There are 2 protein chains.
Amino acid sequence: MSVLTERGVRWTVQRYLILSYLYDHRTHPTAEEVYQGIRKAFSTISRATVYNTLELLKEYGLVQELLIEKERARYDFDVSPHMHFKCEKCGMVYDLEISLPPLPSEAEGHLVKGFQLYAVGICRKCRGEGEGAGTSGG
Amino acid sequence: MSVLTERGVRWTVQRYLILSYLYDHRTHPTAEEVYQGIRKAFSTISRATVYNTLELLKEYGLVQELLIEKERARYDFDVSPHMHFKCEKCGMVYDLEISLPPLPSEAEGHLVKGFQLYAVGICRKCRGEGEGAGTSGG
DNA sequence: ATAGTTGCAAAGGCTTTGCACCGCG
DNA sequence: CGCGGTGCAAAGCCTTTGCAACTAT
């Protein structure tokens with residue numbers, strides 16, 4: 001993680017565990033989920049460290065912060081440009097592999113540094129569950 | 001606002017004022033800004049009513065909720081599909097008139113109901129202010 | 001020694017909720 | 001009369017912050 005150490009930022013066990021957790025869990029976990037997940041093996045870690053580290057990793061471009069729901073932020077190890085989809089029924093957040101349009105680095109005079117593309121709806125799984133038996137929708 | 005009254009939802013002065021405020025202020029105000037703005041002329045309105053009403057108007061498709069920053073939600077009278085841009089320097093949120101690609105109503109088996117496209121960077125105004133004198137960027 | 005990091009607890013900010021009162025239908 | 005809506009205050013939840021102890025350079 002030279003991107004950190006080159007700038008006087010230390011690579012600690014906590015930071016490694018947090019980045020590893022996101023690497024292993026591609027379900028776009030929340031800060032709390034990261035905290036609870038790491039705590040199982042590393043019980044002394046604190047919420048503050050998780051929050052601070054996620055913020056730091058985001059600033060250094062190592063993770064992506066998703067603002068797809070109002071209640072809380074989610075985090076994604078995959079920083080490549082891709083779309084996210086949230087199911088309004090089960091709450092799960094999926095990656096969408098839709099090919100993205102060319103995104104301009106400048107628009108109407110503004111310098112554009114990054115994009116986020118979010119979609120909402122009903123996921124494949126929830127669509128399947130609601131059908132089959134009933135005939136008239138609620 | 002038959003879309004409301006048809007379903008037993010009443011059209012009240014408070015709701016009118018809140019929708020009007022968004023109609024008049026296309027700066028993507030926060031709930032607090034809406035509250036403070038309306039309070040000047042209608043001092044008895046409460047925050048709870050503003051929050052509840054914004055939620056209701058959103059659910060009925062009369063306004064759009066923007067999750068472009070983690071700290072708070074913003075609201076937009078314009079519900080047509082368009083992109084938003086946030087300046088990370090001054091914090092202002094602009095509309096972008098970029099023509100959007102055709103957005104699928106289905107993607108990878110998921111039923112897609114709506115999209116949000118956000119961009120961040122430095123706005124035209126802030127870019128202009130920082131230049132002119134200095135030569136090397138920070 | 002110094003600058004950076006952690007963990008705890010407390011604070012902070014945005015948003016939601018419970019409840020009594022009010023008003024239209 | 002009843003359902004819906006308002007306003008107040010309190011609660012709730014997510015996130016940030018202050019600070020003392022600690023560690024790698």
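Worth saying up front: this structure is predicted, and the values here are computed from it rather than measured.
- Across D:dT6, C:dT5, C:dG7, the shortest atom-to-atom separation from the side chain of B:Q14 is found for D:dT6.
- Looking only at side-chain heavy atoms (C-beta outward), B:L117 and A:F115 stay at 4.5 Å or farther from each other.
- In this structure, A:F42 places its CZ atom 11 Å from C1' of C:dG7, rounding to the nearest Å.
- When the C1' atom of D:dC14 is taken as reference, atom CG of A:L54 falls 13 Å away, rounded to whole Å.
- Contact check on B:E32 versus B:R72 returns no salt bridge, with no Lys/Arg side-chain nitrogen under 4.0 Å from an Asp/Glu carboxylate oxygen.
- Counting to the nearest Å, the P atom of D:dC14 and the CD atom of A:E65 are 15 Å from each other.
- At a threshold of 4.0 angstrom between heavy atoms, the contacts of B:Y35 with the nucleic acid are absent.
- Taking atom CG of B:L56 as the reference point, atom P of D:dT6 lies 9 Å away to the nearest angstrom.
- Contact check, B:T49 against D:dG7: a side-chain N or O comes under 4.0 Å of OP1 or OP2.
- Between B:T44 and D:dG7, a side-chain N or O to OP1/OP2 separation shorter than 4.0 Å is present.
- Sparse packing is recorded around OH of B:Y23, with 12 or fewer heavy atoms of other residues, nucleotides or ligands lying under 6.0 Å away.
- The CG-C1' distance, from B:L4 to D:dC3, rounds to 16 Å in whole Å.
- Helix-axis bend for the helix from C:dA1-D:dT25 to C:dG25-D:dC1: the local axis fitted to the five terminal pairs at one end deviates from that at the other end by 30°, rounded to 10°.
- Scanning for salt bridge (charged side-chain N to carboxylate O under 4.0 Å, His left out) contacts around B:E65 gives A:K70, B:K58, with sequence neighbours left out.
- A:Y51 belongs to no hydrophobic cluster with other residues, because no ILVMFWY side-chain heavy atom falls under 4.5 Å from its own, directly or through intermediates.
- As a member of the Ile/Leu/Val/Met/Phe/Trp/Tyr network built from side-chain separations under 4.5 Å, B:I68 groups with A:L66, A:L67, A:I68, A:V93, A:Y118, B:L66, B:L67, B:V93, B:Y118.
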Sugar-phosphate or base contact per nucleotide [nucleotides 11-23 of chain C; S, B, -; heavy atom under 4.0 Å] = ---SBBB-----B
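- Here the P atom of nucleotide D:dT15 and the NZ atom of A:K58 are 11 Å apart, to the nearest Å.
- The salt bridge (charged side-chain N to carboxylate O under 4.0 Å, His left out) contacts involving residues 107-124 of chain B comprise A:E88-B:K113, where partners must be two or more places apart or lie in separate chains.
- Rounded to a whole Å, the CD atom of A:E33 is 11 Å from the P atom of D:dT15.
- When the shell of 6.0 Å around CZ of B:F42 is examined, it contains more than 12 heavy atoms from other residues, nucleotides or ligands.
- Atom OH of B:Y60 and atom C1' of D:dG4 are 12 Å apart (whole Å).
- Between B:H110 and the choices A:I122, A:V120, A:L96, the side chain to side chain contact (heavy atoms under 4.5 Å, CB included) rule is met once, by A:L96.
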